[in-house]
Amino acid sequence: MSSTKIEKHQAEIESKGYSTLNLGPTHPATHGIFQNILTMDGDIIIDAVPTIGYIHRAFEKLAERRPFYQITTLTDRLNYCSSPINNMGYHMTVEKLIGAEIPKRAQYLRVILMELARIADHIICNSVIGVDTGALTGFVYIFQQRESIYEIYEEVCGARLTTNVGRIGGLERDFSPKAWQKINKFLTEFPVALKEFENLLMRNRIFMDRVVGGGSISAERALNYGFTGPNLRAAGVDYDVRVATPYSSYDDFDFKIPVGQNGDTYDRFMVRQEEMWQSLSIIKQAIAKLPEGPFHADIPEFYLPPKEEVYNNMEALIYQFKIVMGETTVPIGEVYHSVEGGNGELGFYMVSDGGRTPYRLSFRRPCFIYYQAYPEMIKGSMLSDAILTLSSLNVIAGELDA
Amino acid sequence: METPVLIFKCVLVVALFIVSLLVAMYSTYAERKVAAFLQDRLGPNRAGVFGLLQPLADGVKMFMKEEIIPNVSNKTLFILGPCLAMITALMAGVLIPWGGNLEIAGHVFALQITDLNIGILYIFGVTSLGVYGIMIGGWASNNKYSLFGAIRASAQMVSYEIAMGLAIIALIMTTGTMSLSEIAHQQGSGYANIVYQPLGFLIFLICVFAELNRAPFDMPESESELVGGYHTEYSSMKLGFYLFAEYINMFISSAVLVTFYLGGYNFPFQAELNSMLGLSTNAATLLGTGVFFLKIFFFIFFFMWVRWTLPRFRYDQLMKLGWQSLIPISILNVLITGLVMWFTGKIN
């Protein structure tokens, strides 16, 4: 807006007795760098103007200059609460482009990792809803479990937050016995902690008074905005990428898609809560059905050979060199692949001109879409509700700004 | 006033001041330990054995911190705010009967600094003044979030004070006195007032939560929405004063609650126990005081327990609870009390 326009706007606000409140970018409740300029009538929000771009890092542009295997680390930093899903989504996109066939075992291992990541993501979202209503204890109870998940990541890939797990064509290594041990420990301990968390909040009268009916959005409006994931399902639309267009053998597993009714904060909370139980069941099924076999596809021009091969075998040395220098030939074409991310359909649209890097890589980032609907969802509600709405949408700054 | 009485009162004033500060200091420690216990954590354990020196370390930290007064603030009021909060917090303790009588060198002293015949009104007035510290501090900061906190605090105070007052009216009806020592003394011979006023006790307890700005009524400083609420702009010992005043208030409010409804320094089978152990008057009084403190500590623990368990209300829900539920119920309580007294023939 030009300066005269701003002055006019200010005068209008003041003439009606409204005040302007700057929520963010470093407000403790926004859990990330978001700015909202709110026009308030007392404690009621009349209008909200969101600002984005505080941590924009130009990932899509960076991706155009990087060889395919180096782009994975960029995807880590999108929704950093569920990095493995982003990593896998990207790998699957490239695999779709090059037409690689992934062995069943690798697919199942990926499912286990992705569902663990989904649980970690939902743990953060739901416990933070609790924190924003003032109940810190549930957060602490369940965050211990997120720590266990991070220990599993650590055992599988060596990293905790920005995992960079897996490779194009599969995983870089099979799960170690210690990793299985940790997964089994998690599977026995998590249901207890989750139940405890539910007992603390789910039917708590004060909590329900706070979240039922807050920040609601109708199924129609949600679809118009392009909502996906738990936030759309809370509004009553049973769309889940894992079922609609199954990837990584999701059709082998039996699980339910929880759906809400009103699209309010409580429904979003409950949908995520039930999804954690479903993810737990998927992990158990995947472990029970886990086939033997290789953990990566046989695509030597994309999958790094083991080091002893590189030192002793000429072909392996050549492939190692070509992959590391980014000199592998990639087919020309464009491909879209989407996965059910922690908070919605995470899509990768990739155009390849046959060069060492993608010609164009675009991320379909669900948080970017949710944040557009945020002003509409909080208009007319109170400041306290606005904060709960933001945390229940689970808008992650890293994904919003990419 | 005779000289020995004067000396005794002076000693008592100093002792009360020190005890208030000590209890408040260790309440901050207890808060963190209780929170840790409820949340499966360890809590402070670095300074001293079991972290017992933590409050001292915190105090030193508060004093050493840089003091920041915002340029745009009203400096006089900015400094007045925390002072007022602290002063009013310390003022209410003078009326609490901390125990029975002590006999020293032939003189009989009551363990109470002063016994006003309108004691309840005094306590009520002084605790109401506490909100001025918050309002002035929030307003003087010239920060919208502080102002929000201050507005919420005053609105909360207005809506809860009425219910609290009405609960106390019912209490005054049954006890027939406004003197705290008289109320405490009465409960020694009969039952504790909670037996006659169960509903009044509940209302009073809820209102104390609101009065103390403790969760689930911690609107003025709801950190997830208002950053720090009224003390967003405060730093160093001024912030310390606000936090300290909150804990002193918690201590004094628990004492008032115990005196009003739970027998004060009396406890069941007190006379039997005293004669069985063959205690002297002084020892019996000190035992009573000890029990009184135990009751107070239980309530301090209770406040913490609730804080770390329940989510907080929204501002409008809290007003609704105050105006639409608690006030009608407390009026009903007054009515029931009156009717029962009339039918049992306690009044003509």
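Residue numbering restarts at 1 for every chain, and letters A, B, ... go by the order of the sequence lines. These figures come from a predicted structure and were not determined experimentally.
Within the 3.5 Å criterion, the main-chain N or O of Leu318(B) finds no donor-acceptor partner in the side chain of Gln156(B). Without hydrogens or angle criteria, Asp264(A) side chain to Gly214(A) main chain gives no donor-acceptor distance under 3.5 Å. A donor-acceptor pair is defined here as one N or O able to donate and one able to accept, closer than 3.5 Å; no such pair exists between the side chain of Lys65(B) and the backbone of Met237(B).
Both the backbone and the side chain of Asp209(A) come within less than 4.5 Å of a heavy atom of chain B. Using a 4.5 Å cut-off between heavy atoms, Gln317(B) contacts chain A through its side chain alone, with no backbone atom that close. Both the backbone and the side chain of Thr20(A) have a heavy atom closer than 4.5 Å to some heavy atom of chain B. For Tyr141(A), the part sitting under 4.5 Å from any heavy atom of chain B is the side chain, from C-beta outward, and nothing else.
Put simply, of Leu201(A), Leu388(A), Asp43(A), Asn22(A), the one with the most heavy-atom pairs under 4.5 Å next to chain B is Asp43(A). Ranked by heavy-atom pairs under 4.5 Å with chain A, the list Pro311(B), Pro216(B), Ala35(B) is led by Pro311(B).
No side-chain heavy atom of Tyr247(B) sits less than 4.5 Å from a side-chain heavy atom of Ile300(B).
Pairing each heavy atom of Ile217(A) with each of Arg268(A), the nearest pair is CG2-NH1, 4.4 Å.
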